Amino acid sequence: PVELTRCMASYLRAAVRRDKRDESLEDWVTNRFGRRLYELFFKSYNEKVWGVPASEIRAEWAAQRIKGLSFFSAAKAAFFGNEGNKVKSLISEFNYPRYGPGQMWDAMTVAIGNEGGVVRTGAHVERIELAGGRVVEVEADGTSYALPDAVISSLPLRELVAMASPPPPAEVVEAASGLRYRDFLTVALVVDGEDLFPDNWIYIHEPDVRVGRIQNYRSWSPWMVPDPAKACVGLEYFCFAGDDLWTMSDDDLVDLAASELDRLGLAAKAQVERGF
């Protein structure tokens, strides 16, 4: 009751304020939900994900990412449901492949093969030739492939710009080389006993642990965890390439994840049988 009163008072204070400026994620959320709800549910999680203070994340990003979500829409959904999935952040149902997202790419590969196409995996792209603003050739592992129709690239922009031929203008190269990427790793733990929670995943706002989100794989699809006597969860960590998390050994990562699961009160460390 005390915390609920604090949150409500904080929200009402934000609602009547007139000097509102939306320059950062911190501003955007505080202006719409109040300082206390921002500190509880937005600040620490977003700082775990992006590795920078929430005051340095632009408000435009928050407006796009938390689109349609407000204090009253969240409260209404809690009591009456999110009818018609009007608030995207609160969607409760969606289709999911039985054995995970990899099935989509397996199906795509078969479909391409049926059309006479070839999927080359493990090919290292080294050069992308441009002419008239379009890609005309891709070189991979020393072999050039003429591509008269179209190219869809999922390469990181920094690497894509670096391998373009002829090179883009100097200011484009400089901007691309300055991009910094946030990295991501998952520690999967096999736990003795029932599922730890019924949700697909839960967001961890607690600042005293490094895990940002925990997935329950059986809630995505029961076929992904075939042993009914075991639970399997994935603890998601956000990091930068080369930092202490990124360079930590697999055994130490599993130990960290099991310890944090225990610290959060979701499962005793002794229940964790193994991890990956």
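All figures in this text were calculated on a predicted structure; none of them were measured in a lab.
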Considering only heavy atoms from C-beta outward, does the side chain of Arg35 approach that of Glu39 to under 4.5 Å?
-> yes
Grab the two heavy atoms, one from Ala123 and one from Asp141, that are nearest each other, plus how far apart they are.
-> CA-OD2, 3.4 Å
Shortest non-hydrogen separation from Phe238 to Gly212 and the atoms involved | CE1-CA, 4.0 Å
Got a sec: does the CH2 of Trp61 have more than 12 other heavy atoms crowding it under 6.0 Å?
-> yes
What's the verdict on side chain to side chain contact (heavy atoms under 4.5 Å, CB included) for Asp227 and Val190, showing C-alpha distance, side-chain angles and the deciding distance?
-> CA-CA 10 Å; Asp227 189 342; Val190 178; over 6 Å; no
Quick one: does Leu253's side chain get under 4.5 Å of Tyr237's, heavy atoms only?
-> no
State, with a plain yes or no, whether a side-chain heavy atom of Glu139 is found less than 4.5 Å away from one of Tyr145.
-> no
Close side-chain approach of Leu196 to Ile214, heavy-atom, < 4.5 Å | no
Sub-3.5 Å donor-acceptor pair from the side chain of Arg213 to the main-chain atoms of Glu236, do we have one?
-> no
CZ/Arg134: more than 12 non-hydrogen atoms of other groups inside 6.0 Å = no
Could you pull out every donor-acceptor pair under 3.5 Å between side chains of residues 157-166 and any protein atom, sequence neighbours left out?
unit_1, atom_1, unit_2, atom_2, d
Arg158, NH1, Leu179, O, 2.8
Ser165, OG, Glu129, OE1, 3.3

Treating Ile, Leu, Val, Met, Phe, Trp and Tyr as nodes and any side-chain heavy-atom pair under 4.5 angstrom as an edge, say whether Leu261 and Phe276 lie in one connected cluster.
-> no
Min side-chain heavy-atom separation Phe33-Tyr38 under 4.5 Å | no
According to a 4.5 Å side-chain heavy-atom criterion applied to Ile, Leu, Val, Met, Phe, Trp and Tyr, with indirect links allowed, do Leu155 and Leu130 form part of one hydrophobic cluster?
-> yes
What heavy-atom pair brings Ser55 and Glu26 nearest, and what distance separates the two atoms?
-> CB-OE1, 3.5 Å
Looking only at atom types and distance, does a side-chain atom of Ser219 sit under 3.5 Å from a main-chain N or O of Pro198, one as donor and one as acceptor?
-> yes
Atom of Asp195, atom of Ala231 and distance for their closest heavy-atom approach = OD1-CB, 3.7 Å
Are Arg210 and Asp244 within salt-bridge range, i.e. N to O under 4.0 Å?
-> yes
pair Leu185-Cys239: side-chain heavy atoms closer than 4.5 Å = yes
Identify whether Leu189 and Tyr217 are in the same connected component of the hydrophobic contact network (ILVMFWY, side-chain heavy atoms under 4.5 Å).
-> no
Taking the side chain from Arg127 and the backbone from Ala140, do they hold a donor-acceptor pair closer than 3.5 Å?
-> no
Is Leu264 reachable from Val272 through a run of I, L, V, M, F, W or Y residues, each pair having side-chain heavy atoms under 4.5 Å apart?
-> yes
Shortest non-hydrogen contact between Ala59 and Trp28, atoms and distance = O-CD1, 4.0 Å
Considering all heavy atoms, the nearest Cys7-Arg36 contact | SG-CG, 3.8 Å
Distance-only criterion, 3.5 Å: show the donor-acceptor pairs between side-chain atoms of residues 40-51 and protein atoms not counting sequence neighbours.
unit_1, atom_1, unit_2, atom_2, d
Lys43, NZ, Glu47, OE1, 3.3
Lys43, NZ, Glu47, OE2, 3.4
Ser44, OG, His205, O, 2.2
Asn46, ND2, Phe42, O, 2.9
Glu47, OE2, Ala54, N, 2.9
Lys48, NZ, Ile204, O, 3.1
Lys48, NZ, Glu206, O, 2.8
Lys48, NZ, Val209, O, 3.0
Lys48, NZ, Val211, O, 2.8

Greater than 12 external heavy atoms within 6.0 Å of Glu115's CD | no
Val187 and Leu256, any side-chain heavy atoms less than 4.5 Å apart | no
Is the side chain of Glu137 donor-acceptor paired with the backbone N or O of Ser144 at a distance under 3.5 Å, no angle test?
-> no
In terms of hydrophobic clusters joined by side-chain contacts under 4.5 Å, are Trp201 and Trp223 together?
-> no
Sub-3.5 Å donor-acceptor pair from the side chain of Ser10 to the main-chain atoms of Arg6, do we have one?
-> no
In Å and rounded to the nearest 0.5 Å, what is the CZ to CG distance from Arg32 to Asp27?
-> 9.5 Å
Met224 and Cys232, any side-chain heavy atoms less than 4.5 Å apart | no
Find the distance between CG (Asn200) and CD (Gln215) and round it off to the nearest 0.5 Å.
-> 8.5 Å
Would you say the side-chain atoms of Glu56 pair up with the backbone N or O of Pro53, donor to acceptor, closer than 3.5 Å?
-> no
